[in-house]
Amino acid sequence: MTQIVQESVRMLEMLPESEQELASQFIKRMVLAWDPDFTKLTHEERERLEAAEKRMDNGEYIKGSDIEWD
């Protein structure tokens, strides 16, 4: 979690509960305006995805058939 996100959470926690909902809805609207389908990746998600793709390209993955699902 970035410093800005941590600071934002701390500030949200300072608000009365009745105002926290309003702030949460505002943030949700901003995210939806930025990405209506929630398809964009955060910086951290992009790094994790690229690392996983690199592992797959190197043959470092487990086939689903190799997992005991029960």
Side-chain angles (χ1 to χ4, degrees):
M1 189 178 318
T2 67
Q3 180 89 16
I4 292 172
V5 173
Q6 290 174 355
E7 183 179 339
S8 298
V9 169
R10 281 192 299 273
M11 287 188 292
L12 282 170
E13 288 177 333
M14 286 189 271
L15 293 172
E17 283 189 37
S18 59
E19 299 299 320
Q20 288 178 7
E21 179 62 27
L22 176 65
S24 175
Q25 290 301 317
F26 177 73
I27 292 168
K28 184 175 181 178
R29 286 181 185 214
M30 287 188 346
V31 169
L32 287 172
W34 173 69
D35 184 9
D37 298 323
F38 289 100
T39 57
K40 295 180 183 172
L41 299 176
T42 65
H43 178 72
E44 181 181 318
E45 290 170 330
R46 169 61 56 200
E47 286 178 346
R48 289 173 46 204
L49 178 61
E50 289 173 356
E53 288 172 341
K54 211 178 272 187
R55 286 192 305 272
M56 286 178 59
D57 290 343
N58 292 333
E60 301 173 29
Y61 61 92
I62 299 172
K63 292 186 265 181
S65 59
D66 293 341
I67 299 173
E68 185 179 329
W69 295 98
D70 295 321

Peer 1: For atom CD1 of I67, is the number of surrounding heavy atoms from other residues, nucleotides or ligands below 6.0 Å larger than 12?
Peer 2: yes

Peer 1: Give the table of side-chain donor-acceptor pairs shorter than 3.5 Å for residues 40-48, with sequence neighbours excluded, one pair per line with atom names and distance.
Peer 2:
from, atom 1, to, atom 2, distance (Å)
K40, NZ, W34, O, 2.7
T42, OG1, E45, N, 3.1
T42, OG1, E45, OE1, 3.3
H43, NE2, E47, OE2, 2.7
E45, OE1, T42, N, 2.8

Peer 1: Can you tell me how far the CD1 atom of I27 sits from the CG atom of L32, to the nearest 0.5 Å?
Peer 2: 12.0 Å

Peer 1: Other than M30, which residues form its hydrophobic cluster under the rule that side-chain heavy atoms must be closer than 4.5 Å?
Peer 2: F26

Peer 1: Just list the side-chain donor-acceptor pairs under 3.5 Å for residues 10-23, sequence neighbours left out, or say none.
Peer 2:
from, atom 1, to, atom 2, distance (Å)
Q20, NE2, L12, O, 3.3
Q20, NE2, L15, O, 3.0
E21, OE2, Q25, NE2, 2.9

Peer 1: Are there more than 12 heavy atoms of other residues, nucleotides or ligands under 6.0 Å from atom CD of Q3?
Peer 2: no

